[in-house]
Every structure is written in structure tokens, then in C-alpha cells.
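See structure below.
Here is how names work: the chains are called A, B, and so on, in the same order as the sequence lines, proteins then strands, and each is numbered from 1. Atoms considered below: every heavy atom in the structure, side chains included; atoms not considered: hydrogens, waters and symmetry mates.
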Protein chains: 2
Amino acid sequence: MRDAIPQGTYKVQALDRAFAVLDLLGESDTPLGLAQVAASLQLHKSTAHRFLMVLERHRMVERTVNGKFRLGLRLFDFGNRAIEQYDLRDRAQPHLRRLVAETEETAHLALLEAARVIYIDKIEPTRSVRMITRIGASNPVHCTSVGKAILAFLPPERAAEVIRRIRYEKLTSRTIATPEALRTELEKTRRRGYAVDDEELEEGLRCIAVPVLDAQRLPVAAVSVSGPSFRVTAQKLPAIANHLLQCVRGISADMGYVPSGRAAKAVVNA
Amino acid sequence: MRDAIPQGTYKVQALDRAFAVLDLLGESDTPLGLAQVAASLQLHKSTAHRFLMVLERHRMVERTVNGKFRLGLRLFDFGNRAIEQYDLRDRAQPHLRRLVAETEETAHLALLEAARVIYIDKIEPTRSVRMITRIGASNPVHCTSVGKAILAFLPPERAAEVIRRIRYEKLTSRTIATPEALRTELEKTRRRGYAVDDEELEEGLRCIAVPVLDAQRLPVAAVSVSGPSFRVTAQKLPAIANHLLQCVRGISADMGYVPSGRAAKAVVNA
DNA sequence: CTCTAGCTTCTCATATCATGGGACACGGGT
DNA sequence: ACCCGTGTCCCATGATATGAGAAGCTAGAG
């Protein structure tokens with residue numbers, strides 16, 4: 001059984017239902033039959049069937065050999081178009097790769113959207129257990145290093161807006177769960193020039209991130225390095241941070257952002 | 001002005017329209033205003049507006065600062081979920097990277113869908129002009145090396161089905177434009193063990209590909225190496241083909257496909 | 001082989017739901 | 001000031017999606 005179909009001021013029932021179908025298929029790790037879809041969404045067989053056929057025509061879903069439905073590759077196409085505009089991803093990749101080579105830990109590239117961060121790329125060191133993050137997935141800002149890195153360097157009013165919209169879930173015992181605590185944490189972040197997530201998202205996972213600044217010196221994304229706490233120790237943080245700073249400097253340069261007249265102002269004092 | 005909104009046996013007007021909106025935004029390289037969307041799709045302002053608002057609620061579109069619309073990052077999420085099942089992509093990446101290092105040319109990983117190939121990954125050598133292909137984009141089978149590589153090793157009846165469904169567009173003077181010519185080309189491909197696209201998709205571009213075979217020895221994808229014809233010369237093809245073969249062998253192994261013989265045919269749906 | 005059970009596909013009369021006409025509001029340009 | 005091109009909103013209308021149900025499947029059991 002699933003959540004009720006989302007409502008809102010503007011409603012197009014058919015659309016909401018269609019997206020609910022896609023959501024369902026996206027969350028299920030195995031393809032689903034018509035009956036399962038209809039039951040889960042409390043749609044009539046007949047209705048679900050019609051939707052699935054239309055979605056199939058648009059290649060938003062496809063059928064497996066045994067007739068079950070799963071997400072279609074059209075979505076993959078759309079997804080890639082969606083981030084194309086941010087061609088950040090392509091440009092950043094070589095730099096991330098170097099970063100991973102240097103640190104031997106997993107690197108992420110993330111964007112801020114609303115009050116969540118969205119991972120748009122991930123590079124893993126060759127000899128590492130695979131992390132669970134999926135590209136395209138999102139996490140709350142307040143418990144991720146990338147989130148805090150971006151937030152800390154956003155103009156105050158935009159940061160305030162985001163801080164207001166956060167739903168302060170406590171994901172581990174260390175998660176920062178109030179706006180006030182978050183604000184002081186951001187202040188700390190600004191001072192040292194990099195953000196840290198010390199097991200605030202997940203037990204045993206420590207991350208460190210710095211923002212990627214555009215020509216206006218506004219954060220457009222953040223790069224992080226994550227690893228098990230026992231390897232990413234407090235002592236190593238400054239060294240990793242240096243690699244991170246070099247990395248984002250490279251990305252900014254590649255994106256054509258001028259290094260700016262007065263030198264990197266925010267990210268200097270360690 | 002755009003094409004008419006697609007029709008079909010099963011119709012949900014609202015859905016077709018919504019996807020037309022997404023299509024439009026996906027094809028435009030710049031964000032569009034409400035009025036432009038409405039005009040291009042011949043929708044009433046009011047209707048277009050409602051759709052956009054609903055799409056925005058689902059984060060399928062987002063608004064730029066000046067209120068214009070573009071594709072949203074939710075699509076990116078969905079897209080990545082869609083290919084997750086084919087975790088081929090992740091597993092193949094290191095092998096592709098090695099391939100690129102060896103050949104110093106661009107490598108692609110592609111899937112067959114209907115009568116088109118879809119690029120699901122692309123790795124470019126560091127010192128190369130960027131190719132125009134976009135991950136997620138698709139091309140016709142008959143004029144790509146990846147398409148021919150997959151087709152050549154498909155079971156005859158499935159291949160025939162695909163060959164029948166191709167729309168034989170002639171993209172360059174060398175494009176294979178008839179089913180007969182394609183069939184003899186596939187025969188040639190089978191004999192030599194790799195497929196070649198000799199400026200059949202684009203003038204000056206030569207590609208060579210081999211299929212990735214699964215446990216049942218059926219092609220699930222193909223890997224290609226592409227480059228300007230003057231660098232990817234006829235003489236070099238066999239050498240590149242060898243690298244390709246090694247590459248796909250590695251991928252198959254990583255996917256857990258047993259090297260040969262009839263394999264465990266155990267994979268059944270739940 | 002037939003019978004059932006469970007699934008998918010199809011049809012059609014109904015009323016629900018999206019539709020679009022049009023009013024309003026905003027803002028930038030002349 | 002004005003206008004023109006925007007985006008937003010409301011609401012009566014009927015075109016449109018809806019869902020009950022019947023008909024087709026397919027596979028597995030008897």
C-alpha cells in the first residue's frame with residue numbers, strides 16, 4: 001500500500017496518477033504487473049492499464065518479457081537533458097577523478113534544490129566497498145557536508161529561506177536538528193572554509209565538502225569526500241580539505257569562472 | 001511550431017500533453033516562458049499554465065529566476081533509477097576507462113531499444129575535442145557500429161523484427177539504407193567479430209564496436225570506439241578490435257557472466 | 001485433456017474532470 | 001501616463017477520463 005496520491009492547488013488528476021505510477025515503479029526494485037500497480041495505488045485495473053499503455057507509448061515505462069512493467073529509458077534521456085544545462089557534471093569529472101586518486105575515498109558532486117541536495121555525480125576509488133548513494137538521489141541539506149558547504153556560502157537571505165524550509169529529521173544521534181544549531185555550524189563552516197558531516201547522516205560515515213563557486217562567487221554546487229570514520233579521521237581533514245579546494249578551483253577554472261580580483265576570500269583561513 | 005501531439009490506441013490527452021511539454025522543454029536549449037510553451041504546443045495559456053504548475057509540483061520542471069521553465073531534476077532522479085536495473089553501466093565504467101586509455105579515442109556503451117540504440121555511457125580521452133553525443137540520446141541501429149554489433153549477434157528472429165522496424169534514413173552518402181544491404185553487412189560483421197561504422201552516421205567519423213554478451217550469450221549492449229577517420233584508420237581497426245574484445249570480456253566477467261558454454265539459466269522472476 | 005484461478009485486455013455508458021474563455025494583475029518599454 | 005506582453009486565477013461547460021464488468025489469455029492442477 002502506498003501514500004495517497006499527492007494533492008495540491010493545481011490539480012490534474014491524470015498527471016498525478018501517472019507520476020504515482022512512475023514513482024511506484026521507480027521505488028520497486030523488481031518490475032511490477034498491472035494488478036500489483038493497480039492495487040498499490042488503489043486504481044481500477046482498467047485505469048491503471050490505460051495509464052501504463054500510454055506511458056509505454058511514450059517509453060516512460062517498458063515491459064519485461066513476462067509482461068511486467070518497469071521504468072523506461074525515455075526517462076534516462078530526459079534525465080540527461082535535465083542536467084545538460086548544468087554541464088558542470090562533465091567538466092567536473094576529471095577533477096573529481098583526480099581527487100579520488102589523491103584521497104582514495106569516494107567523491108560526490110551535488111546541487112542544491114529546494115531544501116535538499118541532489119547528487120549529480122559520484123566517483124569511487126577502485127578498491128573500496130561501493131557506497132549506497134545513487135546518482136540522482138537526494139538528501140536533506142542539514143545533515144550532509146555538501147548541503148552545509150553550499151548553504152554556508154549562500155547569500156544570507158537565500159540561506160535563511162532554505163533553513164526555514166528544512167524538515168529537521170534526526171537521522172543519527174549526531175544530526176543537527178534545529179535551525180539555531182545549524183546556523184552556528186554554518187558559521188563554523190565559513191570560518192574553516194570547509195563543511196564537515198560527522199556521522200550526521202549515517203553512523204560511521206564522515207564527509208567533508210567545499211562549495212564550487214561561480215563567477216559571482218555564489219555556490220552552484222559542492223564537492224565532497226566521504227569515507228568510513230576510521231579512515232577519514234579528524235587529523236586528516238585539513239589535508240583532504242586542501243585537495244578539495246584544489247579540485248574545486250580546477251572545476252571553477254574549467255567552467256570559465258574568473259578567479260576573481262580579490263583572491264579566494266572565503267576559503268583561505270584554515 | 002511543433003509536431004502534433006502524438007496519438008495512439010490508448011489515449012490520455014492530459015498525459016500526452018504533459019509529455020509534449022516536457023519534450024518541448026527538453027529540446028529547447030534555453031528555458032521557455034509560459035506563453036512560448038502554450039504557443040508552440042497550441043495549448044490555451046490557461047491549460048499550459050496548469051500543466052506547468054503540476055509538473056513543477058512534481059519537480060519535473062523548475063523555474064528559473066525570471067520565471068521561465070526548464071526540465072527539473074526529478075527527471076534526473078527517475079532517469080538514474082531507470083538504468084539502475086541495468087547496473088551494467090557502473091560495472092562497465094572501469095573497463096571503458098581502460099579502453100579509452102589504450103586507444104586514446106572516445107568509447108561509448110549503448111543498449112538496443114526498439115530499432116534504436118541508446119547511449120548509456122561515454123568516456124572521452126583527456127586530450128580530445130568533445131564529441132557531440134549526449135548520454136541518454138539515441139541513434140538508428142542501421143548506421144551505428146553499436147547497433148550493428150548488437151544486431152549481428154541477436155537471434156535471427158529478433159534481429160529480423162528489428163530490421164523490419166528500422167526507418168532507413170540516409171544520414172551520409174555511405175549510410176546503409178536497405179534491409180538487404182544491412183543483412184549482408186551483418187553477415188560480414190559476424191565473420192570478422194566486430195562491427196564498423198565507416199562514416200555512415202556522420203561524415204568523417206569512424207566507429208568500431210563489439211557486443212557485450214550475457215550468460216545466455218545474447219547481446220545486451222555494445223561497446224564502441226569512435227574517432228575521426230584520419231586517426232581511426234582501416235589498418236588500426238584490428239588492433240582496436242582486440243582492445244574492445246578484451247574490454248567486453250572484462251565487463252562480462254564483472255557482470256558475472258560465465259565465459260562460455262551454456263550457462264546457469266536460473267534467473268526467474270518472483 | 002479440461003477446468004480453474006489469476007492475470008491482462010477491451011468496451012461502453014456515465015458523470016467527473018480537465019478545459020479554455022475571459023477577467024485581472026503585474027511590469028517593462030515607449 | 002499608456003499599452004502590450006506577460007503570468008495568474010475563476011468558473012460554467014461538455015469533452016474526457018473513468019471504472020464496472022465481460023471477454024481473453026496462460027499456466028498449472030486435477
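- Not counting sequence neighbours, B:Arg167 has no partner by the side-chain hydrogen bond (donor to acceptor under 3.5 Å, both in side chains) test.
- Applying the side chain to side chain donor-acceptor pair (under 3.5 Å) rule to pairs touching residues 65-78 of chain B yields A:Asp23-B:Arg74, A:Tyr86-B:Arg70, A:Arg134-B:Asp77, B:Glu62-B:Arg70, B:Thr64-B:Asn66, B:Asp77-B:Arg81, sequence neighbours excluded.
- Salt bridge status for B:Arg165 with B:Glu161: present, with a side-chain N to carboxylate O gap under 4.0 Å.
- For the side-chain hydrogen bond (donor to acceptor under 3.5 Å, both in side chains) test, residues two or more places apart in sequence or in another chain that qualify with B:Arg59 are A:Glu113.
- Partners of B:Thr178 by side chain to side chain contact (heavy atoms under 4.5 Å, CB included), not counting sequence neighbours, listed by chain and number: B:Glu180, B:Ala181.
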Taking only distance into account, with no hydrogens and no angle test, what donor-acceptor pairs under 3.5 Å do side-chain atoms of residues 139-160 of chain A form with protein atoms, sequence neighbours excluded?
unit_1: A:Asn139; atom_1: ND2; unit_2: A:Tyr119; atom_2: OH; d: 3.2
unit_1: A:His142; atom_1: NE2; unit_2: A:Glu169; atom_2: O; d: 2.9
unit_1: A:Thr144; atom_1: OG1; unit_2: A:Pro140; atom_2: O; d: 3.4
unit_1: A:Thr144; atom_1: OG1; unit_2: A:Val141; atom_2: O; d: 3.2
unit_1: A:Thr144; atom_1: OG1; unit_2: A:Gly147; atom_2: N; d: 3.1
unit_1: A:Lys148; atom_1: NZ; unit_2: A:Glu185; atom_2: OE2; d: 3.0
unit_1: A:Lys148; atom_1: NZ; unit_2: A:Val196; atom_2: O; d: 2.6
unit_1: A:Lys148; atom_1: NZ; unit_2: A:Glu200; atom_2: OE1; d: 2.7
unit_1: A:Lys148; atom_1: NZ; unit_2: A:Glu200; atom_2: OE2; d: 3.3

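- Spacing between atom NE2 of B:His49 and atom P of D:dC10 amounts to 11 Å, rounded to whole angstrom units.
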Each nucleotide of nucleotides 16-28 of chain C classed B (base within 4.0 Å of a protein heavy atom), S (only sugar-phosphate) or -, in 5' to 3' order, makes -SSBBBBB-----

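- We find that CG of A:Leu34 is positioned 9 Å from C1' of C:dT9, with the value rounded to whole Å.
- At the heavy-atom level, A:Gly33 lies under 4.0 Å from the strands shown only through sugar-phosphate atoms.
- Atom CG in A:Leu52 sits about 11 Å away from atom C1' in C:dT8, given to the nearest Å.
- Taking atom CZ of residue A:Phe69 and atom C1' of nucleotide C:dT9, one finds them 10 Å apart after rounding to whole Å.
- Rounded to an integer number of Å, the gap from CZ of B:Arg57 to C1' of D:dT8 is 16 Å.
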